[in-house]
Engineer: 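There's a structure below that I have some questions on.
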2 protein chains.
Amino acid sequence: MIPKNLTAASTKLIILGILRQGNSYGYLIIKKIKELSGGKMKYSDGMLYPVLHNLEKEGLIQSEWVMQDDARPRKYYAITENGKKELVAEREHWVHVNSVLEAIWQLKPTK
Amino acid sequence: MIPKNLTAASTKLIILGILRQGNSYGYLIIKKIKELSGGKMKYSDGMLYPVLHNLEKEGLIQSEWVMQDDARPRKYYAITENGKKELVAEREHWVHVNSVLEAIWQLKPTK
DNA sequence: TCGTATACTTTGGTATTCTATGTATATAGA
DNA sequence: TCTATATACATAGAATACCAAAGTATACGA
């Protein structure tokens with residue numbers, strides 16, 4: 001299992017990335033992440049929903065209740081323009097840190 | 001500047017990675033990270049030293065005071081066998097999360 | 001009717017983070 | 001001589017983030 005701090009650091013990026021592809025709702029996002037990561041990243045609902053609320057408060061995503069005929073309503077989230085910008089910026093940060101790590105891993109151990 | 005949570009999530013990996021290359025001490029590690037990241041990642045000393053203490057408590061690194069002729073003593077850190085194993089494991093986690101993000105970024109936005 | 005899957009919410013204790021502050025020394029430059 | 005800057009390490013405690021746990025609600029299959 002992926003450690004918590006790494007999960008936490010990638011949450012925003014993952015949610016915004018998924019919503020960039022199309023609107024979705026909490027429960028489905030959790031399943032999507034589990035699927036994409038081959039089961040190695042698992043978000044509990046108690047972990048994900050507060051993050052969604054927070055992203056909405058920041059104006060990066062927008063929610064809308066959608067009624068279902070045969071089930072309870074779902075709260076669909078959509079990425080906003082600001083959210084898209086934020087995604088680009090955060091992605092750059094991630095890629096940068098990744099390249100620093102790659103550089104370190106290239107270093108030969110001196111012995 | 002790289003956000004804090006991302007910095008935090010990569011700290012362990014970065015420190016262990018640098019020490020794998022050869023022994024070093026706090027002050028130099030801070031400078032090394034700044035250099036490797038082109039100035040985008042900056043650790044304050046107050047941020048780094050507690051992490052070093054913590055890694056030592058976990059047995060991933062080992063410290064030794066080294067006297068200097070013309071300056072104050074330095075506390076050199078070396079990576080332990082456990083530290084090397086941990087580095088490999090953590091690296092796998094990072095690479096895995098990175099691949100999940102890459103997969104998400106590949107997705108075409110449906111519109 | 002019981003278990004499971006779906007679906008969202010919130011509280012509050014715990015853990016983590018990191019700012020601010022302190023200690024100490026050497027050297028360059030004004 | 002005084003000051004600033006670089007070197008070098010340490011820690012208290014305030015602030016923040018995290019997330020497990022518990023709660024609410026509905027549908028459906030066994």
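Sequence lines set the chain letters: A, B, ... in the order given, protein chains first and strands last, and positions in each chain run from 1.
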Engineer: At what distance, to the nearest 0.5 angstrom, does CD1 of B/Ile15 lie from CG of B/Leu52?
Structural biologist: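 These two atoms lie 5.0 Å from each other.
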Engineer: Among D/dA22, D/dA10, D/dC9, which nucleotide sits nearest the side chain of A/Asp45?
Structural biologist: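 Given the options D/dA22, D/dA10, D/dC9, the side chain of A/Asp45 is closest to D/dA22.
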Engineer: Under 4.0 Å between any heavy atoms, over every strand shown, what does A/Gly46 touch: base, sugar-phosphate, or nothing? Just pick one.
Structural biologist: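 Touches a base.
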Engineer: Checking side-chain hydrogen bond (donor to acceptor under 3.5 Å, both in side chains) against A/Ser63, which of A/His53, A/Arg74, A/Glu56 comes through?
Structural biologist: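 Exactly one candidate clears the test, A/Glu56.
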Engineer: Which nucleotide in the set C/dT19, C/dA7, C/dT23 lies at the smallest distance from any side-chain heavy atom of A/Tyr27?
Structural biologist: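 For A/Tyr27, the side-chain atoms sit closest to C/dA7.
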Engineer: Which nucleotide wins on minimum distance to the side chain of B/Tyr25, given the candidates C/dC18, D/dA8, C/dT10?
Structural biologist: D/dA8
Engineer: Do B/Arg74 and D/dA8 share a donor-acceptor pair, side chain to base, under 3.5 Å?
Structural biologist: no
Engineer: Could you tell me whether A/Glu58 and A/Lys12 have a side-chain N and a carboxylate O separated by less than 4.0 Å?
Structural biologist: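 A/Lys12 and A/Glu58: salt-bridged.
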Engineer: Measure the distance from OH on A/Tyr49 to P on C/dA7 and round it to the nearest whole Å.
Structural biologist: 8 Å
Engineer: Look at the side chain of B/Met47 and decide which nucleotide, out of C/dA7, C/dT23, C/dT19, has an atom nearest to it.
Structural biologist: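 The nucleotide sitting nearest to the side chain is C/dT19.
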Engineer: Will you find, in the side chains of A/Tyr43 and A/Thr7, an N or O donor that is under 3.5 Å from an N or O acceptor?
Structural biologist: no
Engineer: Return whichever of A/Asn5 or A/Gln68 has its heavy-atom-nearest nucleotide of DNA chain C closer to the 5' end.
Structural biologist: A/Gln68
Engineer: B/Glu56 CD to D/dT11 C1': how many Å, rounded?
Structural biologist: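 Nearest whole value for this atom pair: 16 Å.
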Engineer: Side chain of B/Trp65: nearest nucleotide among C/dA7, D/dA10, D/dA8?
Structural biologist: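 Closest nucleotide to the B/Trp65 side chain: D/dA10.
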